[in-house]
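Since this is a predicted model, take the numbers as computed values, not measurements.
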Amino acid sequence: MFETGPAIIFAASALAGIVAVGVIAAWCFRGWLDLKRTELTGRGSLDGGAPRTPPTAMNRIEVADLKERVRRLEAIASGVEL
């Protein structure tokens, strides 16, 4: 008639797979919550490090310089002369 062995193995493996997916989803969700908590508190690291300082004028100049370099490289890549 009908053997229960393969059905039990299939059900057990399906249950194990569902549990594994649930554990991985919970782990990812916890990481996402930690990331959002870090963004909201304005801290520099996930372990509760020192708060980030506001950008200085020198940092803004460096960022503007990097943006200009990227713009030039994109223009070179697309074949546009500056």
Distance-only check: which donor-acceptor pairs under 3.5 Å involve side-chain atoms of residues 5-22, not counting sequence neighbours?
| unit_1 | atom_1 | unit_2 | atom_2 | d |
| --- | --- | --- | --- | --- |
| S13 | OG | I9 | O | 3.1 |
| S13 | OG | F10 | O | 2.9 |

Under the salt bridge (charged side-chain N to carboxylate O under 4.0 Å, His left out) test, residues paired with R30 that sit two or more places apart: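 Applying salt bridge (charged side-chain N to carboxylate O under 4.0 Å, His left out) to R30 gives none.
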Please list, chain by chain and in numerical order, all residues satisfying side-chain hydrogen bond (donor to acceptor under 3.5 Å, both in side chains) with K67, sequence neighbours excluded.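 Once residues adjacent in sequence are excluded, K67 has no partner under the side-chain hydrogen bond (donor to acceptor under 3.5 Å, both in side chains) criterion.
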Cluster companions of W27 among Ile, Leu, Val, Met, Phe, Trp, Tyr (side-chain spacing under 4.5 Å): none
Tell me who clusters with L33, hydrophobic residues only, linked when side chains sit under 4.5 Å apart either directly or through other members.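 Via sub-4.5 Å side-chain contacts, L33 links to F29, W32.
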Determine, stepwise, if the pair E68 / R71 fulfils salt bridge (Lys or Arg N to Asp or Glu O under 4.0 Å). CA-CA 5 Å; E68 178 65 23; R71 188 182 67 77; 2.6 Å; yes
State whether E39 and K36 are salt-bridged, where the test is any N-O pair (Lys NZ or Arg NE/NH1/NH2 against Asp/Glu carboxylate O) under 4.0 Å. yes
